[in-house]
Asks: 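Before I ask anything, let me first share the structure, which is written out below as structure tokens.
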Amino acid sequence: MLTEYEVRIQAVEIEKSEAPAMRKVRGLLRLARVLKLQARTLLHAQALSAQTRDWNVEAYLKRRIRSLRELYEEVRRLAQRVWSSEDVTGNDLVLA
């Protein structure tokens, strides 16, 4: 699992890179996807801990899930800011 520190370092490295805007956005969205998968894994673990009535673990997992979701949204906002602030034209734009 990535820590918040590692995510922030990677996000800054992607943002400050010399890559085209589209590549930066893709890198940031890839990072956000990893956070989303981590939150999903913790959500499953939280459901299991609720069945065993381990309230301390469940509370801890809730905090971690909330933290991951906030970090996910922050990375997505950074991707949006990179997308809107850079001049994205011609070769950078690839529609799927």
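Index from 1, following the sequence.
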Asks: Do any pairs count as a side-chain hydrogen bond (donor to acceptor under 3.5 Å, both in side chains) and have a residue in residues 9-20, sequence neighbours left out, and if so which ones?
Replies: none

Asks: Please give me the minimum heavy-atom distance between Val75 and Leu28, naming the atom from each residue.
Replies: CG1-O, 3.2 Å

Asks: Sequence neighbours excluded, which residues qualify as salt bridge (charged side-chain N to carboxylate O under 4.0 Å, His left out) partners of Arg8?
Replies: Glu4, Glu74

Asks: Report yes or no: does Ser67 contribute a side-chain atom to a donor-acceptor pair with the main-chain N or O of Arg63 at less than 3.5 Å?
Replies: no

Asks: For Ser49 and Val57, which heavy atoms make the closest approach, and how far apart are they?
Replies: CB-CG1, 3.9 Å

Asks: Does a side-chain heavy-atom distance below 4.5 Å link Val7 with Thr3?
Replies: no

Asks: Could you check whether any side-chain heavy atom of Leu2 comes within less than 4.5 Å of a side-chain heavy atom of Leu31, counting everything from C-beta outward?
Replies: yes

Asks: List the residues meeting salt bridge (charged side-chain N to carboxylate O under 4.0 Å, His left out) with Glu70, not counting sequence neighbours, and say none if there are none.
Replies: none

Asks: Can you check whether Leu61 reaches Glu58 side chain to side chain, under 4.5 Å on heavy atoms?
Replies: no

Asks: Could you give the distance from CZ (Arg26) to CH2 (Trp83), rounded to the nearest 0.5 Å?
Replies: 9.0 Å

Asks: List in chain and number order the residues that pass side-chain contact (heavy atoms from CB on, under 4.5 Å) with Glu73, two or more places apart in sequence or in another chain; answer none if no residue qualifies.
Replies: Arg77

Asks: Name every donor-acceptor pair, under 3.5 Å, that has one atom in a side chain of residues 36-44 and the other anywhere in the protein, sequence neighbours excluded.
Replies:
from, atom 1, to, atom 2, distance (Å)
Thr41, OG1, Leu37, O, 3.0

Asks: If hydrophobic clusters are built from ILVMFWY residues whose side chains come within less than 4.5 Å, do Leu48 and Met1 share one?
Replies: no

Asks: Apart from Ile9 itself, which Ile, Leu, Val, Met, Phe, Trp or Tyr residues share its cluster (side-chain heavy atoms under 4.5 Å, direct or through members)?
Replies: Tyr5

Asks: What residues, two or more places apart in sequence or in another chain, satisfy side-chain contact (heavy atoms from CB on, under 4.5 Å) together with Arg53?
Replies: Trp55

Asks: Same hydrophobic cluster for Val12 and Val82, using side-chain heavy-atom links shorter than 4.5 Å among ILVMFWY?
Replies: no

Asks: Rounded to the nearest 0.5 Å, what's the gap from CZ on Arg30 to CZ on Arg23? Could you check?
Replies: 10.0 Å

